[in-house]
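The block underneath contains the structure these notes are about, expressed in structure tokens.
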Amino acid sequence: MNKLLLTAALFTLPLAAAQTTAPVSAAAPAKPAAPARLLLTAPVGTAAEYVMTTRVSMKMSTPTVEALPGQKVSQAELDQIRQAMQAGGTQAIPVQTVTSKVFYRVMARDAAGKTTLLNAVVLPAMDGKKANTIRTTQTIDANGKTELLKVESDDPQTQAALAAVKGEMLKLVQQQNDQQPSVQYGAPLVVGKTDTRTVSMNMQNLLGGLLGAMGSGPGGDQLIQKVQSSPLAATIATTYNGLNPQGLHSFTTTMSYQPWQVRIEGKGDMPTMQIEVLSGKTSGTQLYRPDGLPNSSDMNIDMNMTMTTEMQGMRVRLGMDMTQQIQMVLKQSQVVK
């Protein structure tokens, strides 16, 4: 989810569009000036560094435990699992905070105005692992279309997962471009105008490749034998609020998710799990510099989910309410020759 939001933050800002008028004739009224559009105009070599803070909190509901069809499990065993999960599962998990670094750099621009943009996210060292940098290289043309060129990571396991799904990621980006160019890139800057669109993404192959590459045990044995996913659909509404007192372009974005589920069939010691997103919404604000690079963003994500696990002849179902806050602020910027 953090990566999808960071990728979504690669927006551009406006240059004034040329004003056209009707030919000079008897009292022909002048055509109104075309509104300014969002364009990435930062000079090649412009680099910006940001600090991204992610806070996640979660609350678990009372679990339900039952025997799988055809399985003989005593009531005492069911009660034991239920009580063990209730002991700590129904309380709110303390807020987890992760601070990361984010970098943008304008790498190149051709004669037609197509810009190559590099985005790097440096995730901190966690769970005994080294810091992990994920780099995304894409192009943005003057009409707002994006082409994903490269996604790579310093971590071998993450790189394997990204390599496994690169083709599917390219398909998703192309699908969105075919449906409608980015709400931000190339869009007219009309104060109060809300652009709404519904997108649908086929997550089957994407999650299959991602989880398949990462779902291996200590000895390299595959722990996942099958992944099934429904399409992920969301409605996104973006409103342009105009310039703030600092001269930055302000946007408000809301996104609502339709019910979605994924089932992961494990093998060996890996249980079979099913995760269902029953409802979800995202809301936040984004500020952009006059040269088109982001200045800051503040997003809030709320999701109501259930997780069902099948193990030892039992089915355990647990409800979860997750809240995530993602803030990104500009630390420094310069033009590197």
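Small disclaimer: the values here were computed from a predicted structure and weren't measured. We're numbering straight along the sequence, starting at 1.
- With contacts defined as side-chain heavy-atom distances shorter than 4.5 Å, the pair Met307/Pro63 does not qualify.
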Worksheet item: Would Gln83 and Asp79 count as a side chain to side chain donor-acceptor pair (under 3.5 Å) if you check the C-alpha gap in whole Å, the side-chain angles of each, and the deciding distance to 0.1 Å?
Response: CA-CA 6 Å; Gln83 291 168 5; Asp79 291 342; 5.4 Å; no
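- Annotation: side chain of Ser57 is in contact with side chain of Val95 (closest heavy-atom distance under 4.5 Å).
- For the atom pair OG (Ser283) and CE (Met255), the distance works out to 10.0 Å, reported to the nearest 0.5 Å.
- Of the possible donor and acceptor atoms, none in the side chain of Thr137 sits under 3.5 Å from a partner among the backbone N and O of Leu149.
- The side-chain heavy atoms of Gln96 and Arg55, taken from C-beta on, include no pair separated by under 4.5 Å.
- Residues Glu152 and Gln159 are in side-chain contact: their nearest non-hydrogen atoms beyond the backbone lie under 4.5 Å apart.
- Using the six-membered ring where Trp is involved, Tyr104 and Tyr50 have ring planes that are perpendicular, over 60° apart on the 30 and 60° scheme.
- Looking at every heavy atom in both residues, Gly247 comes nearest to Pro290 through O-CG, 4.0 Å.
- Taking hydrophobic clusters as Ile, Leu, Val, Met, Phe, Trp and Tyr residues chained together by side-chain heavy-atom distances below 4.5 Å, Leu330 does not share a cluster with Val122.
- Met314 and Glu77 make their closest contact through SD-O, 4.4 Å (heavy atoms, listed as atom of the first residue, atom of the second, distance).
- At a cut-off of 3.5 Å, with distance as the only test, a side-chain donor of Thr198 or Thr235 sits close to an acceptor on the other residue.
- Counting only residues at least two apart or in different chains, salt bridge (Lys or Arg N to Asp or Glu O under 4.0 Å) contacts with residues 272-286 comprise Glu276-Arg317.
- Using a 4.5 Å heavy-atom threshold, the side chains of Ile264 and Gln274 count as separate.
- For the pair Leu117 and Leu293, the minimum side-chain heavy-atom distance is below 4.5 Å.
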Practice prompt. Test Met322 against Val56 for side chain to side chain contact (heavy atoms under 4.5 Å, CB included), laying out the working first.
Written response: CA-CA 7 Å; Met322 184 189 73; Val56 181; 4.1 Å; yes
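- Closest approach of Arg105 and Gly45 over heavy atoms only: NE-O, 4.2 Å.
- Thr323 and Asp302 are linked by a side-chain donor-acceptor pair at a separation below 3.5 angstrom, with hydrogens and angles left out of the test.
- Of all heavy-atom pairs between Met299 and Thr285, the closest is SD-N, 4.3 Å.
- Between Thr46 atom OG1 and Gln334 atom CD the span is 9.5 Å, to the nearest 0.5 Å.
- The line from CD1 of Ile275 to CG of Leu318 is 11.0 Å long, rounded to the nearest 0.5 Å.
- Among residues two or more places apart in sequence or in another chain, the side-chain hydrogen bond (donor to acceptor under 3.5 Å, both in side chains) test is passed with Thr252 by Asn241.
- Enclosure of atom CD in Gln312 is not indicated, since only 12 or fewer non-hydrogen atoms of other residues, nucleotides or ligands lie within 6.0 angstrom.
- A salt bridge does not link Lys130 with Asp154: none of the charged nitrogens is closer than 4.0 Å to a carboxylate oxygen.
- For the pair Ser61 (side chain) and Gly319 (backbone), a donor-acceptor distance under 3.5 Å is present.
- At a threshold of 4.5 Å between side-chain heavy atoms, the hydrophobic network of Ile, Leu, Val, Met, Phe, Trp and Tyr places Met52 and Val329 in two separate groups.
- Residues that satisfy the salt bridge (Lys or Arg N to Asp or Glu O under 4.0 Å) test with Glu49, not counting sequence neighbours, are Lys331.
- Between the side chain of Arg82 and the backbone N or O of Val65, at least one donor-acceptor pair lies under 3.5 Å.
- Pairs passing the ring pair (Phe, Tyr, Trp, His ring centres under 6.0 Å) check and including a residue from residues 297-329, sequence neighbours excluded, do not occur.
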Fill in: Stepwise side chain to side chain contact (heavy atoms under 4.5 Å, CB included) check, Arg135 with Leu118
CA-CA 7 Å; Arg135 292 177 295 276; Leu118 173 67; 4.2 Å; yes
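- Side-chain contact between Lys193 and Val191 is absent, with no heavy-atom pair separated by less than 4.5 Å.
- Side chains of Thr253 and Gln286: a donor on one and an acceptor on the other come within 3.5 Å.
- Here the side chain of Trp260 pairs no donor or acceptor atom with the backbone of Ala233 at under 3.5 angstrom.
- Among Leu287, Val102, Asn295, Thr54, the single residue meeting the side-chain contact (heavy atoms from CB on, under 4.5 Å) criterion with Met328 is Val102.
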Discussion item. Using side chain to side chain contact (heavy atoms under 4.5 Å, CB included), reason through Val316 and Thr308 one step at a time and then give a plain yes or no.
Written reply: CA-CA 6 Å; Val316 180; Thr308 304; over 6 Å; no
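- Residue pairs meeting the ring pair (Phe, Tyr, Trp, His ring centres under 6.0 Å) criterion with at least one member in residues 294-334, sequence neighbours excluded, do not occur.
- No continuous path of hydrophobic side-chain contacts links Met311 to Leu68 [ILVMFWY only; heavy atoms under 4.5 Å].
- The distance from atom CG of Asn300 to atom CD of Gln324, rounded to the nearest 0.5 Å, is 9.5 Å.
- Listed here is the closest heavy atom pair of Pro259 and Leu278: CG-O, 3.7 Å.
- Checked against side-chain hydrogen bond (donor to acceptor under 3.5 Å, both in side chains), Ser153 has the following partners two or more places apart in sequence or in another chain: Asn132.
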Item to complete: Evaluate the side chain to side chain contact (heavy atoms under 4.5 Å, CB included) criterion for residues Val98 and Ser100: first the C-alpha distance (whole Å), next the side-chain angles of each, then the deciding distance (0.1 Å), finally the verdict.
Response: CA-CA 7 Å; Val98 177; Ser100 310; 4.0 Å; yes
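- Once rounded to the nearest 0.5 Å, the distance linking CD of Gln75 with CD of Gln80 reads 12.0 Å.
- Nearest heavy atom pair, residue Leu40 against residue Asp291, reads CD1-O, 3.6 Å.
- Using a 4.5 Å cut-off between side-chain heavy atoms of Ile, Leu, Val, Met, Phe, Trp and Tyr, with links allowed through other members, Ile140 and Phe103 fall into different hydrophobic clusters.
- With values rounded to the nearest 0.5 angstrom, Leu232 atom CG is found 12.0 Å from Gln261 atom CD.
- No donor-acceptor contact under 3.5 angstrom links the side chains of Thr194 and Tyr240, judged on distance only.
- Looking at Thr136 and Leu148, their side chains come closer than 4.5 Å, going by heavy atoms from C-beta outward.
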